[in-house]
Amino acid sequence: MLRTHTCGELRIGDVGKEVTVSGWVDSRRDHGGLIFIDLRDRYGITQIVIEPDQAAAFEIAQTLRSEFVIGATGKVSPRGEGFENPKHETGKVEVQAAKLELFNKSRVPPFEPGSSSLPNEELRLKYRYIDLRRPQLQKAMILRHKLTKAVRDYFDKGGFLEIETPMLGKSTPEGARDYLVPSRVHPGQFYALPQSPQLYKQLLMMAGYDRYMQIARCFRDEDLRADRQPEFTQIDVEMAFVEQEDILTTIDGLMAHLFKEIRNEELPLPLTRLTHREAMERFGSDKPDLRFAMELQDIGEIAKESSFGVFKETIANGGRVRGICAKGAAEKYSRKGIDELTEFVKIYGAKGLAFFKMKDGKLESSITKFFNEDQQQAIVSKFGAENGDLILCVADSNKVTSAALAALRNRLGKELNLYDPSAMKVAWVLEFPLYGWNEEDQKWDAEHHPFCSPIKEDLQYLKTDPGRVRAQSYDLVCNGYEAASGSVRIHDPEVQQQVFDFIGVTPEVAQDRFGFLLDALSFGAPPHAGIALGLDRWVMMFLGNDNIREVIAFPKTQKAADQMTGAPSDVDTKQLRDLHIKTDVPKG
RNA sequence: GGGGCCGUAGCUCAAUUGGUUAGAGCGCCGGACUGUCGAUCCGGAGGUUACGGGUUCGAGUCCCGCCGGCCUCGCCA
């Protein structure tokens, strides 16, 4: 037997047992006449002691180096008073090796998994199999497994079926760019990897599988971020004969289950609900971080009456003047600090940042002179400002004030430690707009996707004020992340065609791209709705991490490359010939 | 597509306004050591400063290009 126990298992109660443990040499401490080995596996670290009277074992022990793979057999002994190591669960015992077996040597590793200082990420990704030996990543993988299992258990109990949908599908150029896969037997034609199983799961509803879920891999060929990978996993859910409320309740239940399983925490239900409009007004964001307040205030009415040109003109041109009040932050941000914040909001399109510091019951600022006593008082009361507070305002379009202040709010929330970083605040954001104006193409686009059902009473605005039409849609937000997104779907083929018409998808194009869906809608489609949760992001949030690569075993870099395997790579000309593909890469 | 930061020994980092032979800790190699757990002590090896140009008497440092990594705006139905 290569092992009887793991390296995380032995306790004082095991003293006297003859055991075999196997793992990697985390470190070796050679005292000449006595050698200690910290043996590591994913369960923990156990100390092995090798004494010279065990000649064969001792000889092997002398040759051991970091990351050698060994098995050690011997009696479990107590370490005795003063020699215990409280850092390890197994720290009260050790294995007195009678026999050592060297399974494999290791080259000197580029970095040591046991080291407290992290090497740079590039190196970690290149040697991911070593990086994955680190307890932090092992913890992430274990939590990911636990979460996935809890999700499946919850839906299984609810009568859901997990059904796999194809990875090789049809390309739909709307939305994100597809990863394409060439077909050999259909020269010149391509499959697309799924951006999500959206259409398949709707078809499953029409096929009568009224409760579906899938842990589904999805692919999007777009630029990456700290929280975005080109392939990611979503918890995909769809239900038939349901309304929005049924989905919300189902997912509320899932959340409570996960909080119980992962954090052993009772999550109060129902989860907070905000409308999209409310979220945008109060936080400037459709995915607000609700761990802290510092809500946006609109001072347009005051700005309009003031003599401050920038503010007045903004209002006159249909813009807005909004701001946030950072409690007690006046001293923390010097002139230079505020300059930095000004540069920061410029990233989001703001042209500047106006500020007031509240001191001795009065506003202090270079622009205070443009506001009379009443107006100053109105600003103070609008923000509820007290001595020591810092008020920051942006005057611009609705969109820019929202984006800039939302980003500023997140930044200040973090810099001023306005929340407990281990807290998780989950809430629903409802009633997203159905359409958004596409500036580039000068047309209306589906804000979410074109299969979202409109809110019925808003359909009257379709012709006159399309931006006002709300969708029966819902996002789950947590700590500033979009953590799930879904909607009631269209199940009436006529409504579906109306939506396509409106966003400029002609019946011919619709037939070509989504003909199968339109057909299916005409063969008895039940009312249905669904949602998809970002699994990677949830693992991230449960770990309190803000980097998605830390929760994926083999992630890709920002340029979607795999540092370990070298993917993507050139392929043989023969492979290309089989596929009838010629590449045309500009020479650089 | 745009903006920002970064790349120096195996690893983490240092190196004054551009100035002598590019240093330290860890790791590695050799030696000593019977209770360590960041073992300790002695000795040693280890560098195309990512890469390619340029400016200069002189470049790790300044400039241009390029490769790679990270953060971000756009993008992500």
Side-chain angles (χ1 to χ4, degrees), chain A residues 26-39 45-53 58 65-67 77 79-88 90-91 94 96 107-127 130 172-178 195-196 198-199 218-230 232 343-350 400 403-404 407 411 432 434-436 438-440 444-452 471 473 482 485 487 499-500 503 505 513-514 534 546-547 549 556-559 561 563 588:
Chain A
D26 198 63
S27 72
R28 181 184 63 121
R29 293 177 294 279
D30 184 346
H31 289 240
L34 181 70
I35 298 172
F36 296 97
I37 299 290
D38 281 350
L39 196 62
I45 284 182
T46 294
Q47 176 164 284
I48 314 295
V49 193
I50 306 99
E51 306 213 35
D53 55 345
F58 196 78
R65 296 292 183 274
S66 288
E67 302 309 306
S77 316
R79 293 208 196 172
E81 200 94 351
F83 299 116
E84 298 175 344
N85 186 348
K87 285 185 204 162
H88 300 137
T90 61
E94 62 195 7
Q96 295 279 348
R107 287 155 58 194
V108 176
F111 58 89
E112 292 190 44
S115 164
S116 53
S117 71
L118 269 182
N120 78 60
E121 203 180 354
E122 206 174 341
L123 197 74
R124 291 175 52 205
L125 290 172
K126 182 170 179 190
Y127 299 97
I130 298 174
T172 54
E174 288 82 13
R177 274 180 276 262
D178 286 324
Q195 295 177 26
S196 97
Q198 180 61 35
L199 296 180
C218 305
F219 303 84
R220 290 178 192 173
D221 187 6
E222 292 294 343
D223 288 351
L224 306 181
R225 289 283 191 287
D227 61 346
R228 272 194 235 158
Q229 279 279 296
F232 60 98
E343 287 309 305
F344 177 73
V345 295
K346 283 181 181 170
I347 297 168
Y348 302 90
V400 170
R411 173 172 171 163
F432 278 63
L434 187 61
Y435 301 113
N438 182 332
E439 197 63 44
E440 195 183 333
W444 291 94
D445 276 345
E447 186 76 9
H448 185 48
H449 58 58
F451 315 107
C452 276
S473 70
E482 177 193 320
S485 185
S487 63
V499 168
F500 280 147
I503 59 174
V505 177
R513 288 185 191 152
F514 308 111
D546 53 12
N547 181 341
R549 295 182 297 278
K556 301 206 167 35
T557 67
Q558 196 165 51
K559 283 192 179 148
Q563 295 290 85

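Chain naming here is simple, since letters A, B, ... match the order of the sequence lines and numbering starts at 1 in each.
- Taking atom C1' on both B:A22 and B:G60, the two are 8 Å apart, rounded to the nearest angstrom.
- Side-chain proximity of A:N547 to B:C71, B:C28, B:G69: nearest is B:C71.
- Side-chain atoms of A:D30 come within 3.5 Å of backbone atoms of A:G32 as a donor-acceptor pair (strictly under, hydrogens ignored).
- Between A:F451 and A:H449, the ring-plane angle classifies as tilted under the 30° and 60° cut-offs.
- Taking atom P in both B:G30 and B:C37, the straight-line distance is 23 Å, to the nearest Å.
- Residue whose closest nucleotide on RNA chain B sits further toward the 5' end, between A:F111 and A:R79: A:F111.
- Across every strand in view, B:C57 sits in a pair with B:G19 that passes the Watson-Crick or G-U test at under 3.5 angstrom.
- Of all nucleotides listed (B:U34, B:C75, B:G68), B:G68 comes nearest to the side chain of A:K559.
- Backbone-only contact: A:L118 has heavy atoms under 4.0 Å from sugar-phosphate atoms and none from a base.
- A salt bridge is defined here as a Lys NZ or Arg NE, NH1 or NH2 lying under 4.0 Å from an Asp or Glu carboxylate O, and A:D223 with A:R228 fails to meet this definition.
- Rounding to whole angstrom units, CG of residue A:D38 and P of B:A39 are separated by 8 Å.
- Contact annotation: A:T557 reaches the phosphate of B:G69 (side-chain N/O to OP1 or OP2, under 4.0 Å).
- Base contact: A:E94 has a heavy atom under 4.0 Å from a base atom.
- Going from atom CG of A:L224 over to atom P of B:C76 covers 14 Å, rounded to whole Å.
- An OP1 or OP2 oxygen of B:C37 is reached within less than 4.0 angstrom by no side-chain nitrogen or oxygen of A:K87.
- Here B:C70 presents its P atom at 14 Å from CG of A:D546, a figure rounded to the nearest Å.
- Listed nucleotides: B:G27, B:C37, B:C29. Nearest to the side chain of A:E112: B:G27.
- With respect to A:E121 and A:R124, no salt bridge is recorded, no charged nitrogen being found less than 4.0 Å from a carboxylate O.
- Here, B:C13 and B:G7 have their P atoms 9 Å apart, quoted to the whole Å.
- In the set B:C75, B:C70, B:U34, the nucleotide with an atom closest to the side chain of A:E222 is B:C75.
- Note on A:E122: only backbone sugar-phosphate atoms sit closer than 4.0 angstrom, heavy atoms only; bases stay farther off.
- Base pairing of B:G68: its partner is B:C6, meeting the Watson-Crick or G-U wobble criterion (both donor-acceptor distances under 3.5 Å).
- Atom pair A:F83:CZ and B:A39:C1' shows a separation of 13 Å (rounding to whole Å applied).
- Under the Watson-Crick and G-U wobble criteria, each requiring two contacts below 3.5 Å, nucleotide B:A24 is paired to B:U12.
- With hydrogens and angles left out, the side chain of A:R549 and the base of B:C70 share no donor-acceptor pair within 3.5 Å.
- In the set B:G69, B:C28, B:C75, B:C75 carries the atom at the smallest distance from any side-chain atom of A:R177.
- Across the protein-nucleic acid pair, A:D30 atom CG and B:U36 atom P stand 15 Å apart, rounded to whole Å.
- Atom C1' of nucleotide B:G4 and atom CZ of A:R225 are separated by 13 Å, given to the nearest angstrom.
- For B:G69, one of the phosphate oxygens OP1 or OP2 lies less than 4.0 angstrom from a side-chain nitrogen or oxygen of A:Q563.
- In this structure, A:F36 counts as stacked on the base of B:U36 under the 5.5 Å centre distance and 30° plane angle limits.
- Here the closest non-hydrogen pair linking A:D26 and A:E112 is O-OE1, 4.1 Å.
- When each of B:U72, B:G1, B:C37 is scored by its nearest atom to the side-chain atoms of A:D223, the top-ranked nucleotide is B:G1.
- B:G53 and B:A15 have their P atoms separated by 28 Å, with the value rounded to a whole Å.
- Atom C1' of B:U55 sits at a distance of 11 Å from the matching atom of B:G18, rounded to the whole Å.
- Between the side chain of A:Q229 and the backbone N or O of A:L224 there is no donor-acceptor pair closer than 3.5 Å.
- Dashed line: the shortest gap from a side-chain N or O of A:Q195 to OP1 or OP2 of B:C76 is not under 4.0 Å.
- Ring-base stacking between A:H31 and B:A39 is satisfied, the centre separation being under 5.5 Å and the plane angle under 30°.
- Using a 4.5 Å heavy-atom threshold, the side chains of A:N85 and A:R79 count as touching.
- The residue A:Y348 sits close only to the backbone: its heavy atoms come under 4.0 Å of sugar-phosphate atoms, none of a base.
- Counting heavy atoms from C-beta outward, A:P110 and A:I130 have side chains that approach closer than 4.5 Å.
- Taking atom P on both B:C57 and B:G52, the two are 23 Å apart, rounded to the nearest angstrom.
- When rounded to the nearest whole Å, the span between CD of A:Q96 and C1' of B:U34 equals 12 Å.
- Nearest nucleotide to the A:Q47 side chain, out of B:U72, B:U36, B:C75: B:U36.
- In this structure, CZ of A:F58 is placed 9 Å from C1' of B:U34, rounded to the nearest angstrom.
- The A:L34 side chain lies nearest to B:G35 when the options are B:G35, B:C29, B:C71.
- Mapped onto RNA chain B by nearest heavy atom, A:D227 and A:N120 fall at different nucleotides, with A:N120 at the one closer to the 5' end.
- Ring geometry for A:F514 against A:F500 counts as parallel: the plane angle stays under 30°, on a 0 to 90° scale with 60° as the upper cut.
- Taking 3.5 Å as the limit, the base of B:C76 and the side chain of A:R220 contain no donor-acceptor pair of atoms between them.
- Nucleotides B:C28 and B:A9 are separated by 11 Å at their C1' atoms, to the nearest Å.
- When heavy atoms are screened at a 4.0 angstrom cut-off, A:Q229 is found touching no nucleic acid atom at all.
- The side chain of A:P119 sits closest to B:U12 out of B:U12, B:G10, B:C37.
- Proximity note for A:N85 (side chain, C-beta onward) versus B:C37, B:C76, B:C73: the nearest is B:C37.
- Taking the C1' atoms as reference points, B:C6 lies 26 Å from B:G58, given to the whole Å.
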